[in-house]
Amino acid sequence: MTLLPLAILLLLHIPFVYSSLLSLNGTSVTTLDVSGSSSCSHTKSLWDIIWSCAATLFACTWTAIHPNIQGMDEGRFTVLSRRLGIMTVALVAPELMITWATVQFLSARDTTKAFNDTFARLHQARSDHPDTGEYIATLFSEFPTSDRTNSPHLSAPHVASRAFRGWTVTHGFFAWMGGFMLYVNDKPLATLRPNELERFVCEGSVEMPIIVEADIDDRSKGDALSKGIAILQLAWFVLQLVARYVQNLPMTLLELETLAVAALTCIAYGFWWKKPKSVGRPYAVYWKATASPPSELAYDRRNILY
């Protein structure tokens, strides 16, 4: 099912392959054998071309795509359908995926700067005015170190001694991809947008989530093996095209388009380099019992259900 959009796209490009065989500098069709057999070392069949392009496109798009965290009520079919849709966009209109990745990168960078500036000022105010910073001291003395469901809270004196750790671009990506889930009365209520999380922390309604970049990377499904395979496949594909260009052998339109799509996909992958990949569960942020119930949430389940 995952290969369906790729198969359809390749079938649509078969006429371009045949036309390129007949129109590249008067080269005869026998230079590229379309019978399916390769009798000479310099001969490449039609199915060799299709298989090489399909493997390169699949490796590049599957590795480059970094979807957001799934919703609370979304099943595997919905998640798979979304990923297939993104892959189709990457194959048909890769410039749109580059635009999307660029917007996400800029948003993550701005969010990181905003969080670091805001909470650096809070920490500085607590240090400069300890007698008047009761609220800020309370805010920083209640930092958890992990999810409530996984481990108990540390004692207040121990946590208070820990300074606020600055966010990285990975934190910004994690916030924008739905990485923080608000829990009220130990029940999930809504996925928090970055501005909502910042506002609630400043108001003292929630505890500041302490999650280091290593913890976020641990939730990510990206691994060096999949990235290495994709890089090797792309390098081998480019090396073949370079070798054929040096030998004055023709290249099909499908191969040229595959090279262009792969190059554009690498640009999007560069913008998503620090974004966690295929994170399954968000980080839990718990609403304080002493605070008033939250309102005007962008992704409030109450607005969806009723």
Side-chain angles (χ1 to χ4, degrees), residues 1-21 23-24 31-32 34 38 42-68 80 82-106 173 220-278:
M1 185 174 182
T2 304
L3 297 177
L4 181 59
L6 187 62
I8 295 176
L9 187 64
L10 290 175
L11 289 176
L12 293 175
H13 280 82
I14 287 179
F16 292 96
V17 178
Y18 279 106
S19 63
S20 63
L21 299 179
S23 60
L24 287 176
T31 304
L32 292 179
V34 297
S38 299
H42 63 275
T43 303
K44 199 168 186 178
S45 68
L46 172 64
W47 294 112
D48 289 336
I49 295 174
I50 293 180
W51 172 250
S52 177
C53 292
T56 302
L57 288 174
F58 180 80
C60 291
T61 53
W62 184 265
T63 305
I65 290 175
H66 288 61
N68 294 336
L80 179 60
R82 182 185 297 112
R83 185 152 192 166
L84 289 176
I86 299 176
M87 287 187 63
T88 303
V89 172
L91 294 173
V92 177
E95 63 276 3
L96 295 181
M97 193 175 69
I98 293 179
T99 304
W100 185 32
T102 305
V103 171
Q104 289 189 351
F105 171 77
L106 296 176
F173 273 122
S220 177
K221 302 300 188 298
D223 59 275
L225 179 60
S226 60
K227 295 179 181 179
I229 292 176
I231 293 175
L232 289 177
Q233 174 62 34
L234 179 59
W236 174 248
F237 182 79
V238 173
L239 185 62
Q240 286 181 316
L241 294 184
V242 171
R244 289 167 58 189
Y245 176 79
V246 172
Q247 298 175 11
N248 293 323
L249 295 176
M251 291 178 286
T252 65
L253 296 179
L254 178 60
E255 290 173 306
L256 295 177
E257 184 169 340
T258 300
L259 181 62
V261 171
L264 294 176
T265 303
C266 290
I267 297 176
Y269 187 51
F271 283 108
W272 276 334
W273 185 262
K274 300 295 290 185
K275 182 180 179 181
K277 183 178 181 181
S278 301

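The structure displayed is predicted, hence computed values, not measured ones. Computation of the quantities below employed the complete heavy-atom set of this structure, encompassing side-chain atoms and omitting hydrogens, waters and symmetry-equivalent molecules.
Residues N68 and Q104 have side chains in contact (heavy-atom distance under 4.5 Å, counting atoms from C-beta outward). Between C266 and L234 the shortest side-chain heavy-atom distance falls below 4.5 Å. The closest side-chain heavy-atom distance from C60 to V261 is not below 4.5 Å. Using a 4.5 Å heavy-atom threshold, the side chains of E255 and F237 count as touching.
With P94 as reference, L264 is the one residue of V89, T99, L264 to meet the side chain to side chain contact (heavy atoms under 4.5 Å, CB included) rule. Of the residues T61, I65, L96, the one that meets the side chain to side chain contact (heavy atoms under 4.5 Å, CB included) test with I86 is I65.
Taking the six-membered ring for Trp and thresholds of 30 and 60 degrees, W273 and Y269 have ring planes more than 60 degrees apart, a perpendicular arrangement. A tilted orientation is assigned to the rings of W272 and H66, their planes being inclined by 30° to 60°.
The OG1 atom of T258 sits 12.0 Å away from atom CE of M251, with the distance rounded to the nearest 0.5 Å. Rounding to the nearest 0.5 Å places CD1 of I267 at 10.0 Å from CE of M97. Note: T63 OG1 to F58 CZ = 8.0 Å, rounded to the nearest 0.5 Å. The distance from atom NZ of K274 to atom CZ of F173, rounded to the nearest 0.5 Å, is 10.0 Å. Rounding to the nearest 0.5 Å places CG of L254 at 11.5 Å from CG of L259.
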Could you check F105 against K275 for side-chain contact (heavy atoms from CB on, under 4.5 Å), going step by step and ending with a plain yes or no?
-> CA-CA 8 Å; F105 171 77; K275 182 180 179 181; over 6 Å; no
Applying side-chain contact (heavy atoms from CB on, under 4.5 Å), run through E257 and C53 and close with a yes or a no.
-> CA-CA 9 Å; E257 184 169 340; C53 292; over 6 Å; no
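The shortest heavy-atom contact between S52 and Q233 is O-NE2, 3.8 Å. The two residues A59 and A230 come nearest to each other via the heavy atoms O-CB, 3.6 Å.
A donor-acceptor pair under 3.5 Å is formed between the side chain of T88 and the backbone N or O of L84.
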